[in-house]
2 protein chains.
Amino acid sequence: MSASGLGEVRRPSARGDQLLFLTDEQLRQGIELMFFAYRDFTSDPDRILEDYAYGRAHHRAIHFINRRPGVTVAGLLDILGVTKQSLNRVLRQLIEDGLVTQEVGARDRRQRHLHLTEAGRDLERRLSEPQRARVRRAYSEAGPEAVSGFRKVLEQMIDERVRKEVLGLVGGGRGPEGEGSGGA
Amino acid sequence: MSASGLGEVRRPSARGDQLLFLTDEQLRQGIELMFFAYRDFTSDPDRILEDYAYGRAHHRAIHFINRRPGVTVAGLLDILGVTKQSLNRVLRQLIEDGLVTQEVGARDRRQRHLHLTEAGRDLERRLSEPQRARVRRAYSEAGPEAVSGFRKVLEQMIDERVRKEVLGLVGGGRGPEGEGSGGA
DNA sequence: GAGGTATGTCAACAACACTGACATAAACTG
DNA sequence: CAGTTTATGTCAGTGTTGTTGACATACCTC
């Protein structure tokens, strides 16, 4: 079972062995693993969202507003990579339902800085909790070294053009707000 | 495989360091990494699909029919986790367009065994090529040990109830066909 | 004031998922 | 054989999420 047993590169008897983890079969397995893992990974919040009238798009908006309080609409568009019309529909609902507030920018009053209300934070917690539990379980089963490799590969999977920016966002926590037009 | 062990998060002693990879911040970063990596990961085939009248659903069907030639409709439904109405729409197009053929089952003539035509295999290759290239690049940048960890974590991310079955499919290659009702 | 930017909104549309209902053919069961 | 279940296909309706395109308003910058 080569299920996950490609850690040690076997013996250097033939140098080709060192690249066995790059065979098409290995790559295909990685691709399918991504598919199935992501499928279950998103199923947790999806199930909760059903109780509300919300979908995945709402979850993503809530997640990143929680992550970057005060982010502007343009900044959020950048992160999510959707059109403003698409985001606006979602945002309008969340604001109507009292989960998100807008706040006119102090420096630039065209901008709307987005924040979660208490109710918004509640939902965010409710949504992210089972997902965190899943990742926590997977991490602790796999161990710290596996987690390190997991992150390394995922980081490399991100488009090189945006990698730096994305990793800054992921790792950066509450960084600068309102990334109006943050590059690519 | 017991130890869904996460009750013991964070010991007060110096051992705490060992569990630093399980902090909420680390978990949140993992979640976001999954989001961004998957986003770019699917962007390659998506771009190609635009040229055709197809979407992601077609890609998934093509991928798994290629992967398990002769799979039945029910088997495919199981793998994809969608309704038959949803799959049928996609399948009908692919058959009409000559990418997929149906074949009445020998043992059970109600069943339709699905295969890719030459054109179907062509498209499959065209779709999977950039994706494989992305994974190959990520793998080779991260190195074999990281890849091992990547796979370990992803495997643990899959629902425990279906993990065995899924990993059998992923690793098993051309296994038994027509998995009518494979359990979960 | 002109020009560009940030935001919001309307309308139309497409992809893809869902539920529910129904049809057909074949297999299984008593 | 009759009745039931299974595998598949199809029709109709609906919802979420994405897209373009067009347009309006408010505001910053020069």
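Heavy-atom basis, side chains included; hydrogens, waters and symmetry copies ignored.
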Q: In this structure, is the centre-to-centre distance between the rings of B:Phe36 and A:Phe64 below 6.0 Å?
A: yes

Q: If each of B:Gln85 and A:Arg56 is mapped to the nucleotide of DNA chain D with the nearest heavy atom, which maps nearer the 5' terminus, i.e. the 5' end?
A: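 Its nearest nucleotide lies further toward 5', so the answer is B:Gln85.
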
Q: For D:dT19 and A:Thr83 - does any side-chain N or O of the residue sit under 4.0 Å from the phosphate oxygens OP1/OP2?
A: yes

Q: Please determine whether a side-chain nitrogen or oxygen atom of B:His58 lies at a distance below 4.0 Å from atom OP1 or OP2 of C:dC16.
A: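 Checking B:His58 against C:dC16: at least one side-chain N or O falls below 4.0 Å of OP1 or OP2.
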
Q: Let me know the distance between CG of B:Asp78 and P of D:dA7, rounded to the nearest Å.
A: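 Taking CG of B:Asp78 and P of D:dA7, I get 10 Å after rounding.
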
Q: Where the side chain of A:Arg60 is concerned, which of C:dT7, D:dT17, D:dT10 is the nearest nucleotide?
A: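 Within the option list, the nearest is D:dT17.
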
Q: So which nucleotide from C:dC16, C:dG8, D:dG18 ends up closest to the side chain of A:Ser86?
A: D:dG18

Q: Could you pull out all donor-acceptor pairs under 3.5 Å where a side-chain atom in residues 80-102 of chain A meets a protein atom, sequence neighbours excluded?
A:
| unit_1 | atom_1 | unit_2 | atom_2 | d |
| --- | --- | --- | --- | --- |
| A:Thr83 | OG1 | A:Ser86 | N | 3.3 |
| A:Gln93 | OE1 | A:His58 | NE2 | 3.0 |
| A:Asp97 | OD2 | A:Tyr54 | OH | 2.3 |

Q: A:Arg89 near the nucleic acid: base, sugar-phosphate alone, or nothing, with a heavy-atom cut-off under 4.0 Å?
A: base

Q: Can you check the A:Ile62 CD1 to D:dT17 P distance for me, whole Å?
A: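 Those two atoms, CD1 and P, are 11 Å apart.
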
Q: If we count only N and O atoms by modelled type, under 3.5 Å, do the side chains of B:Tyr139 and B:Arg134 hold a donor and an acceptor together?
A: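 No, B:Arg134 and B:Tyr139 have no side-chain donor paired with an acceptor closer than 3.5 Å.
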
Q: Apply the test side chain to side chain contact (heavy atoms under 4.5 Å, CB included) to residues B:Tyr38 and B:Thr42: give CA-CA distance (whole Å), side-chain angles for both, the deciding distance (0.1 Å), then the verdict.
A: CA-CA 6 Å; B:Tyr38 195 79; B:Thr42 55; 3.5 Å; yes

Q: By nearest atom, which of the nucleotides D:dA7, C:dC18, C:dC10 is closest to the B:Val82 side chain?
A: C:dC18

Q: Any salt bridge between A:Arg39 and A:Asp46, counting N to O under 4.0 Å?
A: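 A:Asp46 and A:Arg39: not salt-bridged.
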
Q: Grab the CG-C1' distance between B:Leu87 and D:dC11 for me, whole Å please.
A: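 Roughly 17 Å, once rounded to whole Å.
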
Q: Would you kindly give the NE2-to-C1' distance between A:His113 and C:dA6, to the nearest whole Å?
A: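 From A:His113 NE2 to C:dA6 C1': 11 Å.
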
Q: Tell me the interatomic distance from A:Glu103, atom CD, to C:dT7, atom C1', rounded to whole angstroms.
A: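 Spelled out: CD on A:Glu103 to C1' on C:dT7 is 16 Å.
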
Q: If the threshold is 4.0 Å, N to carboxylate O, is there a salt bridge linking B:Arg121 and B:Glu118?
A: yes

Q: Once each nucleotide of nucleotides 23-30 of chain C is scored for protein heavy atoms under 4.0 Å, what B/S/- sequence comes out, 5' to 3'?
A: ---BS---

Q: Side chains of B:Gln26 and A:Arg151: any donor to acceptor distance under 3.5 Å?
A: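 The answer is yes; a qualifying pair exists.
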
Q: Compare side-chain N and O positions of A:Arg92 against OP1 and OP2 of C:dT9 and report whether any pair is under 4.0 Å apart.
A: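 For C:dT9, OP1/OP2 do have a side-chain N/O of A:Arg92 under 4.0 Å.
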
Q: Can you check whether A:Arg112 has a side-chain N or O nearer than 4.0 Å to OP1 or OP2 of C:dT5?
A: no

Q: For a quick test of reading the model: is some side-chain N or O of B:Gln102 closer than 4.0 Å to OP1 or OP2 of D:dT8?
A: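 Result: no.
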
Q: Give a yes or no on whether a salt bridge exists between A:Glu155 and A:Lys152, defined as a side-chain N under 4.0 angstrom from a carboxylate O.
A: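 No salt bridge links A:Glu155 with A:Lys152.
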
Q: In terms of side-chain heavy atoms of B:Val73, which of D:dG9, D:dG18, D:dC11 is nearest?
A: D:dG9

Q: Within this structure, what is the CG-to-C1' distance between B:Leu76 and D:dA7, rounded to whole angstrom?
A: 14 Å

Q: Expressed in angstrom and rounded to an integer, what is the separation of A:Asn88 atom CG from C:dA6 atom P?
A: 16 Å

Q: So, A:Asp44 and A:Arg132, do they make that salt bridge, N to O below 4.0 Å?
A: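 A:Arg132 and A:Asp44: not salt-bridged.
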
Q: Describe, as an angle rounded to 10 degrees, how the axis at the first end of the helix from C:dG1-D:dC30 to C:dG30-D:dC1 is tilted relative to the axis at the last end, five pairs per end.
A: 30°

Q: Rounded to whole Å, how long is the line connecting atom CG of A:Leu49 with atom P of D:dT16?
A: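 After rounding, the reported distance stands at 11 Å.
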
Q: May I ask you to decide whether A:Arg137 forms a salt bridge with B:Glu160, counting only side-chain N to carboxylate O separations under 4.0 Å?
A: no

